[in-house]
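Inspection log for the structure reproduced underneath, given as structure tokens.
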Amino acid sequence: IVDGPQPKEKEERQKVKKLSSSPEQALVAQTELLRDMFIADLAIAGVPQLQIAKVVRVNLNRVNRIAKCLKKRTQDSNGEN
């Protein structure tokens, strides 16, 4: 009989600890997601990427990576998007 958790149980416990995050980590993840969404919205609206990088205060490479996947809005004949 072996006392204490088995090796496999230890690994599973470590995985669970790694998956759980502190409120601070969740807040950082949410902030970064909001930044990415803001970058996407500005890129779709046709704001130049350099200006987006300045406003959002991120690296231009991050703006380029997000913006290259998006299409810019075009105006209809009625002037609406």
Could you list the donor-acceptor pairs under 3.5 angstrom formed between side-chain atoms of residues 30-38 and any protein atom two or more places apart in sequence or on another chain?
unit_1 : atom_1 : unit_2 : atom_2 : d
T31    : OG1    : L27    : O      : 2.8
E32    : OE1    : R62    : NH1    : 2.8
E32    : OE1    : R62    : NH2    : 2.8
E32    : OE2    : R35    : NH1    : 3.1
D36    : OD1    : R62    : NE     : 3.0
D36    : OD1    : R62    : NH2    : 2.8

Side-chain polar contacts of residues 52-59 - donor-acceptor pairs under 3.5 angstrom, sequence neighbours left out - could you list them?
unit_1 : atom_1 : unit_2 : atom_2 : d
N59    : OD1    : N61    : N      : 2.9

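The side-chain contact (heavy atoms from CB on, under 4.5 Å) search around A40 returns I66, L70, not counting sequence neighbours.
Q51 places no side-chain N or O within donor-acceptor distance of the main-chain N or O of P48, the cut-off being under 3.5 Å.
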